[in-house]
Amino acid sequence: MTTRRPLIIGVTGGIASGKSTVARAFAQHGIPWVDADDVAREVVAPGEPALAEIRRRHGPRVLLEDGHLDRRALRDIVFADEAERHWLESVTHPRIRQRLGECLEDFRQRDVPYALLISPLLFESGQHELVERCLVIDVPESLQIERTARRDGVDEAQARAIVAAQMPRDERLSRADDILTNEGNEQQLADRVAELDQQYRTLSGLPPAR
C-alpha cells in the first residue's frame, strides 16, 4: 500500500463532447480511468437486481430477445416522462455510485499519479463528491447536436432534445476546476491533455513527467 493517495479527477461534459476520447488520451500518459457509463451498463445486466426492478415496472417491452436491457426503448420512456426518469435514477444511481466508489478506492491504493472518473452525470448524480477536482470537456452546442445526430442515428430535433435534457452548458462550466475545449484536431487535444497531465502530477505532489 502506498502512503500517497493519488488525486481522483472527475471528467464530465455534455453528450458527444468527447469524454472517452479524452480518457484514452490520458491513458497514453499511464493514467487509469473508470467510466460511469460502463458501470451503468453493468448494474442493469441480466441477473442484476436493478434489471429485475425495471422489468417489474415496465414489463418485457424494455428487454431484448436475449434478456438484456433494451436501452433505446427505456430511453424513449424516460425522455417522455420526467417521473419515470427520476424513478430510474433512484434505482440505478445508488448502485452505480457504490461500484464507482469501490473502483476509485482501488485506484487510491495503487501507485499511480492520479486517476480519472469519467461521468456524463458527474454533477447531476452527486458523483463529484467522489473526486477531488472536476475537468469539464466543452464543445459548442451546435457541434454536440451534429455529433449526436451522426453517432446515434437520430434526426436534428431528437439530438436537440437530448442536449436540452442535460445540465445547461453554462452551469456545467461554472462548476469546473479545469476546462478542456474539444473542437480542434487530435493534436490540439493531445497537447491540452499533456498540459493537464503535468498540472495534475504537480497537484499530486509528483515531479512533472519527462
Side-chain angles (χ1 to χ4, degrees), residues 9-28 31-45 50-51 54 58 61-66 68-82 84-85 88-89 92-93 96 99-100 116-125 127-128 134-173 175-176 178-193 196:
I9 310 297
V11 180
T12 193
I15 188 170
S17 57
K19 296 178 290 295
S20 296
T21 301
V22 169
R24 289 191 292 270
F26 274 104
Q28 296 298 312
I31 304 305
W33 52 282
V34 59
D35 191 324
D37 275 349
D38 293 337
V39 175
R41 283 187 282 271
E42 291 173 8
V43 302
V44 294
L51 183 60
I54 293 169
H58 295 295
R61 63 177 172 152
V62 295
L63 296 180
L64 299 171
E65 290 185 3
D66 62 3
H68 284 77
L69 179 67
D70 186 336
R71 298 175 66 86
R72 182 181 291 271
L74 185 60
R75 183 180 69 183
D76 289 343
I77 292 171
V78 299
F79 270 135
D81 188 331
E82 187 174 358
E84 288 300 328
R85 178 172 61 84
L88 180 64
E89 290 172 351
T92 58
H93 283 189
I96 295 169
R99 294 198 187 187
L100 287 174
L116 308 179
L117 164 57
I118 313 297
S119 175
L121 299 176
L122 187 73
F123 299 123
E124 299 93 323
S125 65
Q127 292 169 7
H128 64 285
C134 298
L135 167 64
V136 168
I137 313 304
D138 183 53
V139 296
E141 187 174 292
S142 59
L143 187 53
Q144 278 186 278
I145 293 167
E146 177 187 328
R147 289 177 177 176
T148 300
R150 183 172 61 248
R151 186 192 69 184
D152 294 353
V154 298
D155 61 29
E156 181 179 334
Q158 289 173 302
R160 286 185 179 278
I162 293 171
V163 171
Q166 298 189 323
M167 175 179 285
R169 180 186 181 193
D170 288 347
E171 181 179 353
R172 189 185 301 117
L173 290 172
R175 301 179 67 172
D178 305 296
I179 298 170
L180 189 161
T181 301
N182 184 24
E183 56 179 320
N185 58 39
E186 292 184 7
Q187 187 57 54
Q188 289 171 319
L189 175 63
D191 290 345
R192 178 61 176 138
V193 167
L196 288 166

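Predicted model, so just to flag it, every value in this text is computed and none were measured. These values consider heavy atoms only, across backbone and side chains, with no hydrogens, waters or symmetry-generated copies.
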Can you check whether Glu146 reaches Leu143 side chain to side chain, under 4.5 Å on heavy atoms? yes
Is Arg147 reaching over with its side chain to a backbone N or O of Ala16, donor-acceptor style, under 3.5 angstrom? yes
Partner set under ring pair (Phe, Tyr, Trp, His ring centres under 6.0 Å) for His93, not counting sequence neighbours: none
What residues, two or more places apart in sequence or in another chain, satisfy side-chain contact (heavy atoms from CB on, under 4.5 Å) together with Asp155? Ala157, Gln158
To the nearest 0.5 Å, tell me how far Leu122 CG sits from Leu100 CG. 10.0 Å
Apply side-chain contact (heavy atoms from CB on, under 4.5 Å) to residues Arg99 and Val34 and explain how you reach the verdict. CA-CA 10 Å; Arg99 294 198 187 187; Val34 59; over 6 Å; no
Surrounding CD of Glu186 (heavy atoms of other residues, nucleotides or ligands, distance under 6.0 Å), is the total greater than 12? no
Can you measure from CD (Glu42) to CG (Asp35) and round to the nearest 0.5 angstrom? 10.0 Å
Is there side-chain contact between Ile54 and Leu63, with heavy atoms separated by less than 4.5 Å? no
Min side-chain heavy-atom separation Cys134-Thr12 under 4.5 Å: no
Given side chains that start at C-beta, do those of Ile9 and Trp33 come closer than 4.5 Å, heavy atoms only? no
Ile96 vs Ser125 side-chain heavy atoms within contact, under 4.5 Å: no
Rounded to the nearest 0.5 Å, what separation is found between the NZ atom of Lys19 and the CG atom of Leu116? 13.5 Å
Which heavy atom of Arg72 sits nearest to which heavy atom of Asp152, and what is that distance? NH2-O, 3.7 Å
Starting at CD1 of Ile15, measure out to OG1 of Thr148 and round the result to the nearest 0.5 Å. 4.0 Å
Should Leu135 and Phe26 count as side-chain neighbours, where that means a heavy-atom distance under 4.5 Å? yes
Check Asp37 against Pro120 and note the closest heavy-atom contact, atom names and distance. OD1-CG, 3.5 Å
Exam field: side chain Arg61 to backbone Asp70, donor-acceptor pair closer than 3.5 Å: no
Could you tell me the separation between the CD atom of Gln187 and the CG atom of Asp191, rounded to the nearest 0.5 Å? 4.5 Å
Main-chain N/O of Asn185 paired with Gln188 side-chain donor or acceptor, under 3.5 Å: yes
Excluding sequence neighbours, so at least two apart, what forms salt bridge (charged side-chain N to carboxylate O under 4.0 Å, His left out) with Arg169? Asp138
With a 4.5 Å cut-off on side-chain heavy atoms, are Arg175 and His128 touching? yes
Are the side chain of Asn182 and the backbone of Val139 linked by a donor-acceptor contact shorter than 3.5 Å? no
Do any N or O atoms from the side chain of Gln127 and from the backbone of Ser119 form a donor-acceptor pair under 3.5 angstrom? no
Interatomic distance, CG@Leu180 vs CG@Leu189, rounded to 0.5 Å, equals 5.5 Å
Is it the case that the side chain of Arg172 and the backbone of Met167 share a donor-acceptor pair, with hydrogens and angles ignored and the cut-off at 3.5 Å? yes
